[in-house]
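Single-structure report; data block below.
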Number of protein chains: 2
Amino acid sequence: MPGIPEKKSILDDLAGRGLRLTSQRRAIVETIQDAQGHLDAATLLKLAQKREPRVNRATVYRTLDLLKRLRLIDELDLMHLEGEKHFYETRSKSGHFHLACLSCKKILEHDTPTFARLKQEVSDETGFSIDVVRLEVGGQCPACRNLSGGNSPLKDREVL
Amino acid sequence: MPGIPEKKSILDDLAGRGLRLTSQRRAIVETIQDAQGHLDAATLLKLAQKREPRVNRATVYRTLDLLKRLRLIDELDLMHLEGEKHFYETRSKSGHFHLACLSCKKILEHDTPTFARLKQEVSDETGFSIDVVRLEVGGQCPACRNLSGGNSPLKDREVL
DNA sequence: CTTCCTGCAAACCTTTTGCATGCCT
DNA sequence: AGGCATGCAAAAGGTTTGCAGGAAG
């Protein structure tokens, strides 16, 4: 029974806190939610402006900061494959982690039950209350491994 | 000359590649190796200059880049607790991961066998050849949990 | 009227780079 | 000579912020 408006969860959350649902916030939030992957701030700005042309870059950053602090989105680095920019995705997509191919720069999502167990263990063993877990793997994807000849995955242990 | 000093492993590696062991590289590498924790570039510069005053910031960055590409050091973000700067540590210290307390900003190192298993699983399940794994946990350490009163780990799910 | 939100542009901060110079083999 | 390494300072690139103006409750 698909009765729950999953898609509006973030906006609902904001509303529940008495925060304003301005047209720009709507555009920004909906853009993040509709994106299948992860967005960087610049892309988010551009896409959000398609919904609401008045969206301003500062507002994007301020909204991202808000959503981050409320734990409604996750921030990713994706191994800095494209410079220092950050990427964002809804928290509901959480649970998985990202594999970055250092050769072709593609990002692959993955999950395995061991990841969940790891989190539980860490919490149990350290006494930490865990808010965010960021797991990122850098390597070479199967396709690139084949292309670069079976024996030298990365030329002399070096990339680039 | 029997017995290669573990401590010189990075320098040996560089030498083995025909790279020059200049006084500045020495200072930078030794600083990283002697540091008990993780260093950011600015701190590394300052410490390296105590050994060799001529060390230049650009050289620090270029050396870090070199060591990174050769997989001799790991680069960490530590949940961006202190801005966007990066931290570095020798690869030999690898195997553990970092827990960042979002309240007191302390960094705790941790390891658990499940972490190693996770890496193996990821490799097996995805076919990736893994070069780097970055696992970072953000949350609240036991001490801060107690201080902030047992029931509200983070005020309204928000930090700051 | 008070609080929250936004625009604009300048400021910030860390990291990177161009180019001339210096050093090692 | 021929590379590799360095210095300096400027540039880059992404993110943050001060302050004045605006909208919402």
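Here the structure is a predicted model, which is why all the values come from computation and not from measurement.
Between B/Thr63 and A/Thr22, the one whose closest nucleotide on DNA chain D sits nearer the 5' end is B/Thr63. Positionally, the nearest nucleotide of DNA chain C for A/Ser23 lies more toward the 5' end than for the other of B/Arg54 and A/Ser23.
Of the candidates C/dG22, D/dT6, D/dC8, D/dT6 carries the atom nearest the B/Arg25 side chain, counting heavy atoms from C-beta on. Among D/dC8, D/dT15, C/dT6, the nucleotide with an atom closest to any side-chain atom of A/Gln24 is C/dT6. Each of C/dT16, D/dT16, C/dC4 was ranked by its minimum atom distance to the side chain of A/Tyr61; first place goes to D/dT16. Nearest to the side chain of B/Leu19, among D/dA5, C/dC5, D/dT15, sits D/dA5.
Atom P of nucleotide C/dC24 and atom CG of B/Leu21 are separated by 12 Å, given to the nearest angstrom. In this entry the distance linking CD of A/Glu52 with P of C/dC5 reads 16 Å, nearest Å. Between the P atom of D/dT15 and the CG atom of B/Asp77 lies a distance of 13 Å, rounded to the nearest Å. When rounded to the nearest whole Å, the span between CG of A/Leu66 and C1' of D/dT17 equals 17 Å. Nucleotide C/dC5 holds its P atom 15 Å from the CG atom of A/Leu64, rounded to whole Å. For B/Gln49 and D/dT6, the CD to C1' distance is 14 Å, given to the nearest whole Å. Taking atom NZ of B/Lys68 as the reference point, atom P of C/dT14 lies 16 Å away to the nearest angstrom. At whole-Å resolution of the value, CZ in B/Arg57 and C1' in D/dA11 are 12 Å apart.
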Report the C-alpha distance between A/Val133 and A/Val122 in whole Å, list the side-chain angles of each, state the deciding distance to 0.1 Å, and finish with yes or no for side chain to side chain contact (heavy atoms under 4.5 Å, CB included).
CA-CA 10 Å; A/Val133 177; A/Val122 170; over 6 Å; no

What verdict does the side-chain hydrogen bond (donor to acceptor under 3.5 Å, both in side chains) test give for A/Glu121 and B/His110, after you've listed the backbone C-alpha separation in whole Å, the side-chain angles of each residue and the deciding distance to 0.1 Å?
CA-CA 11 Å; A/Glu121 273 186 29; B/His110 188 69; over 6 Å; no

Side chain to side chain contact (heavy atoms under 4.5 Å, CB included) between B/Leu81 and B/Leu102: does it pass, once the steps are laid out?
CA-CA 7 Å; B/Leu81 243 49; B/Leu102 303 176; 3.6 Å; yes

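Listed for the B/Asp77 side chain is no donor-acceptor partner under 3.5 Å among the backbone atoms of B/His80. Without hydrogens or angle criteria, B/Thr31 side chain to B/Ala27 main chain gives a donor-acceptor distance under 3.5 Å.
With hydrogens and angles left out, the side chain of A/Arg62 and the base of C/dG7 share a donor-acceptor pair within 3.5 Å. Checked by distance alone, A/Arg20 brings a side-chain donor or acceptor within 3.5 Å of a matching partner on the base of C/dT3.
Applying the 4.0 Å criterion to OP1 and OP2 of D/dG14, one finds that A/His86 has every side-chain N and O outside that range.
Residue contacts for A/Ala42: at a heavy-atom cut-off of 4.0 Å it reaches no nucleic acid atom on any strand shown.
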